[in-house]
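Notes follow once the structure below has been shown.
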Amino acid sequence: MPSLNSKLPHTGETIFTEINTLAAKHDAINLGQGFPDFPMNGELIEEVYLAMKSGRNQYAHMNGVPALRKAIAEKVKILYGREIDYEEEITVTPGGTYAIYTALTSILRSGDEVIILEPAFDSYIPNVEINGATPVLVPLSLPNYSINWKLIRQHVTERTKCIILNSPNNPTGTVLDKNDIRELHDLVNETNIFILSDEVYEHIIFDELDNESLLKYKYLYERSFVCFSLGKVYNCTGWKIGYCIAPRDLSYEFRKVHQFNCFSCNTPIQYALATFLTHENEYKNLSKTFQLKRDLLASLMRSAGLVPLTSHGSYFQLYSFRNISGETEMAFAKKLCTQARVACIPVSAFYKDQTDNSVLRFCFAKKDDTLWEAAERISQFISRL
């Protein structure tokens, strides 16, 4: 038998697979992985059916159905004031994670370095490593998980090829502000550093804050791949439809990788989304809807004994259990799953070195009844400790 030298020797089963398996075994309420448990809009489902019935079932254009790319360009103009060439700058992808991987693959070579802020979404580090580059890990500053730009500058070298940003952030729920944008501008000014901006939760932002998308800022956009997820917008994460917006030259390189990987995405779903993107209220109401759920879960968790940390966006909020248990995050998360029967994700899993701060991530993109029941189970569990 041939021997195999793994390209990801330190990567195993993801925390999401491990916790989801444990949750299923113990019939736990799953507040771990980021997916809604309530139905999506029935009109969008009907649009997919109509697209299928009308014969739109063959390969789509490699870059995405033109009608969908036009609708995305129009949305960008409305939200961020930027004119995007739908033909040259938008590529539809099978999910946001794919867009991130493809962007990195199009620019990275062996020996390059990529700055990643931790805790970080779990795909970033493997995406960098599989392309022969080195992740340079910079911690966010506790307790608010803010960006320490001075520390980032200390990690920039002549080999720095890219910095990955994620706002609203998964897992922390933090968002970029205008000061972060100024610092980022100063950091990359007159350098060859690219930016990968993960903005899949662009419409789920709270407390009347603005989404400081890199699409707003011409100088930053000129060196950026900006990645999105339509699954997060329309509560259909299983459809795995996202897109990447990048300047023409960067999109050209992105598409070189894309064409030999998935080539094209689900055709009838793209046509349905193209129609549905014109319904602005569908995405404009998301912030209000999910802020109510964030606040509900936070109130219930406080009563149970967990301490909510600040979340200004995404599906997620972090909670500290420092005053409850001295166990590791992984141990306490597994105990919640097996004994309280509520699944969550230890934030240590979002650090390469498993940094432990007694913090867990909970997803509140669930029905209110689900959140009430989960909090009640946790409260009863904590009362028995």
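Quick note: numbers below take in every heavy atom, side chains included, and nothing from hydrogens, waters or symmetry partners.
Between Thr172 and Asn169 the shortest heavy-atom distance is OG1-OD1, 2.8 Å. Considering every non-hydrogen atom in both Val200 and Gly96, the closest pair reads CG1-CA, 4.4 Å. Minimum interatomic distance between Arg248 and Glu89 (heavy atoms only, all atoms of both residues): N-CG, 4.0 Å. Closest approach of Arg223 and Ile193 over heavy atoms only: NH1-O, 2.8 Å. Closest of all the heavy-atom pairs between Arg153 and Leu187 is CG-CD1, 3.7 Å. Smallest separation of non-hydrogen atoms from Ser251 and Ala246: OG-O, 2.8 Å.
Ser314 places none of its side-chain heavy atoms less than 4.5 Å from the side chain of Ile204. Residues Asp249 and Pro247 fail the side-chain proximity criterion, which asks for heavy atoms closer than 4.5 Å. Considering only heavy atoms from C-beta on, Met301 stays 4.5 Å or farther from Phe364 through its side chain. With contacts defined as side-chain heavy-atom distances shorter than 4.5 Å, the pair Lys293/Leu296 does not qualify. When side chains are defined from C-beta on, Phe194 counts as touching Leu250, because their heavy atoms get closer than 4.5 Å. Between Cys344 and Tyr319, the closest side-chain pair of non-hydrogen atoms is not below 4.5 Å. In this structure, the side chains of Gln317 and Leu309 stay at 4.5 Å or more apart for every pair of heavy atoms. Annotation: side chain of Ile245 is in contact with side chain of Tyr221 (closest heavy-atom distance under 4.5 Å).
For the salt bridge (Lys or Arg N to Asp or Glu O under 4.0 Å) with Lys334, the lone residue among Glu329, Glu18, Glu327 that qualifies is Glu18. Between His312 and the options Thr174, Leu176, Asp207, a side-chain contact (heavy atoms from CB on, under 4.5 Å) holds for only Asp207. The side-chain hydrogen bond (donor to acceptor under 3.5 Å, both in side chains) test with Glu199 singles out one residue from Ser167, Ser213, Ser229, and that residue is Ser213. With Val128 as reference, Val114 is the one residue of Val114, Ile115, Thr134 to meet the side-chain contact (heavy atoms from CB on, under 4.5 Å) rule. Results of the ring pair (Phe, Tyr, Trp, His ring centres under 6.0 Å) test with His258 over Phe263, Tyr98, Tyr101 single out Tyr98 as the only residue that passes.
With hydrogens and angles disregarded, no donor-acceptor distance shorter than 3.5 Å links the side chain of His26 to the backbone of Ala28. A distance-only check finds no donor-acceptor pair linking the side chain of Lys161 to the backbone of Arg109 [under 3.5 Å]. Between the side chain of Asn127 and the backbone N or O of Ser123 there is at least one donor-acceptor pair closer than 3.5 Å. Checked by atom type and distance alone, the side chain of Arg322 pairs as donor or acceptor with a backbone atom of Asn357 at under 3.5 Å. Proximity of a side-chain donor or acceptor of Ser379 to a complementary backbone N or O of Glu376 within less than 3.5 Å is not detected. Here the side chain of Asn63 pairs no donor or acceptor atom with the backbone of Thr91 at under 3.5 angstrom. A side-chain donor-acceptor contact under 3.5 Å links Ser303 to the backbone of Ser299. Within the 3.5 Å criterion, the main-chain N or O of Arg56 finds no donor-acceptor partner in the side chain of Thr267. Between the side chain of Arg82 and the backbone N or O of Leu215 there is at least one donor-acceptor pair closer than 3.5 Å. Not one N or O on the side chain of Arg294 forms a donor-acceptor pair closer than 3.5 Å with the backbone of Phe316.
Other residues, nucleotides and ligands contribute at most 12 non-hydrogen atoms within 6.0 Å of the CD atom of Glu208. The environment of CZ in Phe38 is crowded: more than 12 heavy-atom neighbours from other residues, nucleotides or ligands sit within 6.0 Å. Annotation for Arg159: atom CZ does not count as buried by contact number, only 12 or fewer foreign heavy atoms lying within 6.0 Å. The neighbour count for Asn192 CG, taken as heavy atoms of other residues, nucleotides or ligands under 6.0 Å away, does not exceed 12. The number of heavy atoms from other shown groups lying within 6.0 Å of OH (Tyr49) does not exceed 12. The local environment of CD in Glu158 is sparse, with at most 12 non-hydrogen atoms from other residues, nucleotides or ligands closer than 6.0 Å.
Taking CG of Asp27 as the start and SG of Cys337 as the end, the distance is 10.0 Å to the nearest 0.5 Å. Note: Asn148 CG to Leu140 CG = 9.5 Å, rounded to the nearest 0.5 Å. Distance check, rounded to the nearest 0.5 Å: CG of Asp353 to CD of Glu118 gives 6.5 Å. Thr338 contributes atom OG1, which lies 9.5 Å from atom NZ of Lys25 (distance to the nearest 0.5 angstrom). Rounding to the nearest 0.5 angstrom, the gap separating the CG atom in Leu196 from the CZ atom in Phe225 is 7.5 Å. For the atom pair Lys367 NZ and Asp369 CG, the distance stands at 7.0 Å (nearest 0.5 Å).
Thr370 and Asp37 form a side-chain donor-acceptor contact under 3.5 Å, judged by distance and modelled atom types alone. Tyr315 and Asn170 share no donor-acceptor pair across their side chains, judged by distance under 3.5 Å alone. With 3.5 Å as the limit, one finds a donor-acceptor pair spanning the side chains of Asn131 and Thr105.
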Checklist entry - Under the side-chain hydrogen bond (donor to acceptor under 3.5 Å, both in side chains) criterion, do Tyr80 and Asn211 qualify, and how do the steps go? => result CA-CA 9 Å; Tyr80 306 124; Asn211 179 32; 2.9 Å; yes

Next on the checklist: Show, in sequence, the C-alpha distance, side-chain angles and deciding distance for Glu212 and Tyr217, and conclude whether the side-chain hydrogen bond (donor to acceptor under 3.5 Å, both in side chains) test is met.
Outcome noted: CA-CA 9 Å; Glu212 295 298 336; Tyr217 302 96; 2.4 Å; yes

Next on the checklist: Does Glu74 form a salt bridge (Lys or Arg N to Asp or Glu O under 4.0 Å) with Lys77? I'd like the steps, not just the answer.
Outcome noted: CA-CA 5 Å; Glu74 182 61 26; Lys77 182 178 179 181; 5.2 Å; no

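A perpendicular orientation is assigned to the rings of Tyr234 and Phe276, their planes being inclined by more than 60° (bins at 30° and 60°). Note: Phe16 and Phe121 have tilted aromatic rings, judged against thresholds of 30 and 60 degrees for the angle between ring planes.
Note on Glu222 versus Lys218: salt bridge recorded, some NZ/NE/NH1/NH2 to OD/OE distance being below 4.0 Å.
Separation of the Phe290 and Phe206 ring centroids does not fall under the 6.0 Å cut-off.
Taking the centre and axis of the six-membered ring of Phe35, the NZ or CZ atom of Lys366 falls inside the cone set by 45° and 6.0 Å.
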